[in-house]
Amino acid sequence: MPELPEVETVRQDLSRVLVGQKLSGMEVGRPRSLRHPDPSTAARWIEGGTVLGVGRVGKHLLIEVDRPTGDTDGRSLVVIHLGMSGQLWWLPSSTAAHRHAHVRIFGESANELRFVDPRTFGWVAVARAAEVATVLPVLERLGPDPLSGDFDATVLSRRIGHRQGRLKALLMDQTVVSGLGNIYSDEVLHAAGLRWDRPACSLDPREIVALHDQIVRVLSDAVSCRGSSLADSQYRDLYGLPGRFQERHRVYARAGKPCARCGETIRKERFGGRSTFFCPSCQT
DNA sequence: AGATGTACCTGGTGGC
DNA sequence: TGCCACCA
DNA sequence: GTACATC
């Protein structure tokens with residue numbers, strides 16, 4: 001399941017191969033995977049354009065394309081969310097078709113960007129720069145990205161406010177802070193020594209600082225390890241290679257094993273229909 | 001506002 | 001081997 | 001991973 005570190009890893013690799021690349025077309029195999037607009041209009045908006053840069057906010061990838069032929073303004077944005085099982089592959093466009101390759105974006109170098117997504121929860125959207133906010137309101141509602149400049153303990157404290165909900169729900173709420181999912185919220189909470197079911201507003205200033213610091217530290221470490229690839233899992237980078245951060249997980253998928261910090265047995269509980277891992281002793 | 005359940009999908013795993 | 005419940 | 005309905 002791609003979260004911020006996995007998306008950031010793909011962004012870095014994508015930036016290397018895509019910036020300066022001229023795009024020659026786009027093909028949509030599964031309409032459901034294209035959020036906006038229709039396939040032929042989407043193709044028209046990127047055809048002949050050159051990639052200026054690849055950005056990211058939270059779990060969203062933003063590919064910036066200039067439009068030399070542009071009808072209104074000069075730029076388009078290709079926005080991609082990988083959902084639970086989405087992958088992006090950069091390969092020769094002659095490579096054999098794949099059952100779950102739902103969107104293909106062709107580069108001039110005879111390579112293509114393939115959006116592969118078995119579970120189909122991910123999506124691709126194309127928007128003209130001026131209409132992004134209108135067409136994808138979800139982007140406007142995102143909370144600060146932890147690896148950007150606008151996230152500090154004060155911001156986090158203000159965003160926690162008087163929220164009574166559980167800490168893990170807060171971390172996974174993309175409108176509070178963007179990029180954390182099931183794996184990294186568990187890892188961050190363990191690193192900060194906080195229980196997942198603490199009411200968010202029960203944190204004292206010292207704990208808020210610890211939480212902020214560990215959000216930044218855990219995500220940064222995970223990026224430098226190129227993300228997490230679970231045993232049965234879905235995440236692979238642009239070239240099909242797994243990340244290494246799963247080797248550093250301290251709680252996620254480690255139920256029954258000893259806590260690396262205190263030796264107590266890691267527990268697994270159910271929260272919001274998904275697994276939550278924590279140390280019952282050193283997370284308070 | 002918060003908690004809970006359901007829906008959207010496919011594929012791999014482990015049990016019997 | 002097939003079917004199925006369970007998980008991501 | 002997310003959106004939405006319901007208590």
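Remember, predicted model here, so these are calculated numbers, not experimental data. Every heavy atom of this structure was used, including side-chain atoms; hydrogens, water molecules and symmetry mates were not. In what follows, every chain begins at residue 1, and chains take the letters A, B, ... in the order their sequences are listed.
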Any N/O pairs under 3.5 Å between the protein and nucleotides 2-8 of chain B? List them or say none.
residue	atom	partner	partner atom	Å
B:dG2	OP1	A:Q164	N	2.8

Problem - Those residues that, when tested against A:F151, pass ring-ring contact (aromatic ring centres under 6.0 Å, His included) (two or more places apart) - result: A:H212
Practice task
Please report, rounded to the nearest Å, how far the C1' atom of D:dG1 is from the CD1 atom of A:I80.
Solution key: 16 Å
Completion exercise
Separation of C:dC7 atom P from A:M84 atom CE, nearest Å, is 13 Å
Practice task
Output the rest of the hydrophobic cluster of A:W89: all Ile, Leu, Val, Met, Phe, Trp and Tyr residues reachable through side-chain heavy-atom contacts under 4.5 Å, sorted by chain and number.
Solution key: A:L91, A:V116
Handout entry: Pairs meeting criterion ring pair (Phe, Tyr, Trp, His ring centres under 6.0 Å) with involvement of residues 152-174 of chain A, two or more places apart
Key = none
Problem - Set of residues satisfying salt bridge (charged side-chain N to carboxylate O under 4.0 Å, His left out) with respect to A:D13, sequence neighbours excluded - result: A:R16, A:R226
Fill in the blank from the handout: In whole angstroms, the gap separating C1' of B:dG11 from NE2 of A:H98 amounts to 11 Å
Fill in the blank from the handout: The complete set of salt bridge (charged side-chain N to carboxylate O under 4.0 Å, His left out) pairs with one or both residues in residues 17-36 of chain A, sequence neighbours excluded, reads A:E27-A:R104
Exercise for the section: Just call it for A:S85: base, sugar-phosphate, or nothing, with non-hydrogen atoms closer than 4.0 Å on any strand. Expected result: nothing
Exercise for the section: Scan A:D117 against the nucleic acid and name what it touches under 4.0 Å (heavy atoms): base, sugar-phosphate only, or nothing. Expected result: nothing
Exercise for the section: May I have the distance from A:Q87 (atom CD) to C:dA8 (atom P), rounded to whole angstrom? Expected result: 18 Å
Contact list (N/O, under 3.5 angstrom) for nucleotides 2-7 of chain D vs protein:
residue	atom	partner	partner atom	Å
D:dT2	OP1	A:H81	NE2	2.8
D:dT2	OP2	A:K59	NZ	3.0

Handout entry: Residues in ring-ring contact (aromatic ring centres under 6.0 Å, His included) contact with A:F115, at least two apart in sequence or another chain
Key = none
Problem - is_close_aromatic(A:W90, A:Y239), centroid dist under 6.0 Å - result: no
Handout entry: Qualifying side-chain hydrogen bond (donor to acceptor under 3.5 Å, both in side chains) pairs, either residue in residues 165-176 of chain A, two or more places apart
Key = A:R163-A:D173, A:K168-A:N182, A:K168-A:D186, A:K168-A:T276, A:D173-A:T175
Handout entry: Euclidean distance, atom NZ of residue A:K268 to atom P of C:dA8 [Å, nearest integer]
Key = 6 Å
